[in-house]
Amino acid sequence: MRYFAISLCLLVVGCAAFFDFNLAPTVTTSPQFHVVLDAGHGGRDNGACVAGVSEAQINLQIVQVLAQELTAQGCRVSLTRVDAESLNSPYASNKKVDDMNKRRAKIRELNPDLVIAIHQNTYPLTSVSGLQCFYANETAGSREYATAIQDQFNHSALPMYKTVKPTDFNLVEHSPCPAVLIECGFLTNPRERQLLQTAAYQQVLAFNISTAVVRMMKQGGNERCANVQPLAMCSVLS
């Protein structure tokens with residue numbers, strides 16, 4: 001009888017282990033929300049250049065800060081341009097076209113959820129200032145992300161109050177996913193040009209852009225960023 005009882009216990013334990021193993025829920029990890037950041041221009045293409053300030057350099061600096069901010073919020077981030085150089089072949093007959101083709105190919109290969117291109121603006125009137133968002137008219141979701149980012153700035157302490165507009169910018173317009181082009185400010189405005197060169201203001205831009213992206217992403221049901229607490233906002237306007 002004692003051996004029968006022991007055998008019965010072993011059978012029960014074995015069955016329990018078997019059923020627990022087979023009935024245990026499968027744990028899957030949701031993929032991270034993937035953002036590709038494109039720092040406009042680079043290499044011999046400086047973009048706008050005002051009072052010795054190069055747009056290409058500022059674009060890259062802002063992209064690097066924005067990449068840190070989005071990563072801190074749990075997003076996966078990729079960059080098309082990682083240094084001062086452009087992506088074109090040195091032997092390309094049209095280096096600008098080759099550069100854009102390579103950026104588009106890289107974006108298609110990475111297959112992200114969102115593309116953000118960072119640029120700087122200019123205007124004949126030096127009084128004009130403020131960030132403005134543009135979107136790919138042909139890609140679903142682009143206008144919504146552009147609006148979310150623009151609204152974030154329009155309702156912040158920064159004097160923006162601009163509206164989003166469609167763009168035919170090649171990289172954004174032919175993106176396989178929602179794409180936004182952000183003109184972060186006007187290099188022709190002396191005060192804004194000075195601010196855009198500072199690490200503190202670049203952090204402000206990154207804070208607001210990433211906050212809007214994560215909020216929009218969550219509203220759309222893509223809750224793939226684990227941490228939604230942005231880095232502290234800098235006070236640079238006093």
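Residue numbers count from 1 along this sequence. Both backbone and side-chain heavy atoms feed into the values below; hydrogens, waters and symmetry mates do not. Computed from a prediction, not measured in an experiment: that's the story for all the values here.
- In this structure, the side chain of N59 engages the main chain of G40 through a donor-acceptor pair within 3.5 Å.
- Atom CD1 of I62 is separated from atom OH of Y201 by 8.5 Å, given to the nearest 0.5 angstrom.
- For residues 41-67, the pairs satisfying salt bridge (charged side-chain N to carboxylate O under 4.0 Å, His left out) are D45-K96, with sequence neighbours left out.
- Here the side chains of E69 and Q203 are in contact, with some heavy-atom distance below 4.5 Å.
- R193 places no side-chain N or O within donor-acceptor distance of the main-chain N or O of F186, the cut-off being under 3.5 Å.
- Residues M217 and L114 fail the side-chain proximity criterion, which asks for heavy atoms closer than 4.5 Å.
- A donor-acceptor contact shorter than 3.5 Å is absent between the side chain of S175 and the backbone of V172.
- Note: T198 OG1 to Q194 CD = 8.0 Å, rounded to the nearest 0.5 Å.
- At distances below 3.5 Å, at least one donor-acceptor pair connects side-chain atoms of Q202 with backbone N or O atoms of L196.
- L110 CG to R108 CZ: the interatomic distance, rounded to the nearest 0.5 Å, is 11.5 Å.
- With rounding to the nearest 0.5 angstrom, the CG atom of L70 is 9.0 Å from the CZ atom of F33.
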Residues D38, R103; criterion salt bridge (Lys or Arg N to Asp or Glu O under 4.0 Å); working and verdict: CA-CA 8 Å; D38 178 70; R103 292 181 196 231; 2.8 Å; yes
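- Following chains of ILVMFWY side-chain contacts shorter than 4.5 Å, one cannot reach V180 starting from V36, and the two form parts of different hydrophobic clusters.
- Not a single donor-acceptor pair under 3.5 Å links the side chain of K95 to the backbone N or O of L87.
- Not a single donor-acceptor pair under 3.5 Å links the side chain of T126 to the backbone N or O of T188.
- For residues 121-145, the set of pairs meeting the salt bridge (charged side-chain N to carboxylate O under 4.0 Å, His left out) definition, not counting sequence neighbours, is empty.
- Formation of a donor-acceptor pair under 3.5 Å by the S210 side chain with backbone atoms of F207 is found in this model.
- Of the possible donor and acceptor atoms, none in the side chain of Q132 sits under 3.5 Å from a partner among the backbone N and O of C184.
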Contacts under 3.5 angstrom, residues 161-171 side chains, donor-acceptor by atom type, not counting sequence neighbours:
{"residue": "K162", "atom": "NZ", "partner": "S129", "partner atom": "O", "Å": "3.2"}
{"residue": "T167", "atom": "OG1", "partner": "F169", "partner atom": "N", "Å": "3.0"}
{"residue": "N170", "atom": "OD1", "partner": "R104", "partner atom": "NH1", "Å": "2.2"}

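- Shown here for A56 and G42, the closest heavy-atom pair between the two residues is CB-N, 3.7 Å.
- There is a path of hydrophobic side-chain contacts, each under 4.5 Å, that joins I209 to I58.
- Counted by atom type alone, Q197 and Q57 present zero donor-acceptor pairs between their side chains at under 3.5 Å.
- Judged purely by atom type and a 3.5 angstrom limit, R76 has no side-chain atom pairing as donor or acceptor with the backbone of Q32.
- With a 4.5 Å cut-off on side-chain heavy atoms, R215 and Q219 count as touching.
- Placement of L60 and I118 in two distinct hydrophobic clusters is found when ILVMFWY residues are connected by side-chain heavy-atom separations under 4.5 Å, directly or transitively.
- Connection of L158 to I116 is established within a shared hydrophobic cluster, with ILVMFWY side chains joined at heavy-atom distances below 4.5 Å, either directly or through further cluster members.
- With rounding to the nearest 0.5 angstrom, the OG1 atom of T80 is 6.0 Å from the CD1 atom of I107.
- In this structure, OG1 in T122 is found 12.0 Å from CG in N189, a value given to the nearest 0.5 Å.
- Using modelled atom types and a 3.5 Å distance limit, the side chains of H41 and S86 yield no donor-acceptor pair.
- A donor-acceptor pair is defined here as one N or O able to donate and one able to accept, closer than 3.5 Å; such a pair exists between the side chain of N208 and the backbone of V204.
- The closest side-chain heavy-atom distance from L205 to L66 is not below 4.5 Å.
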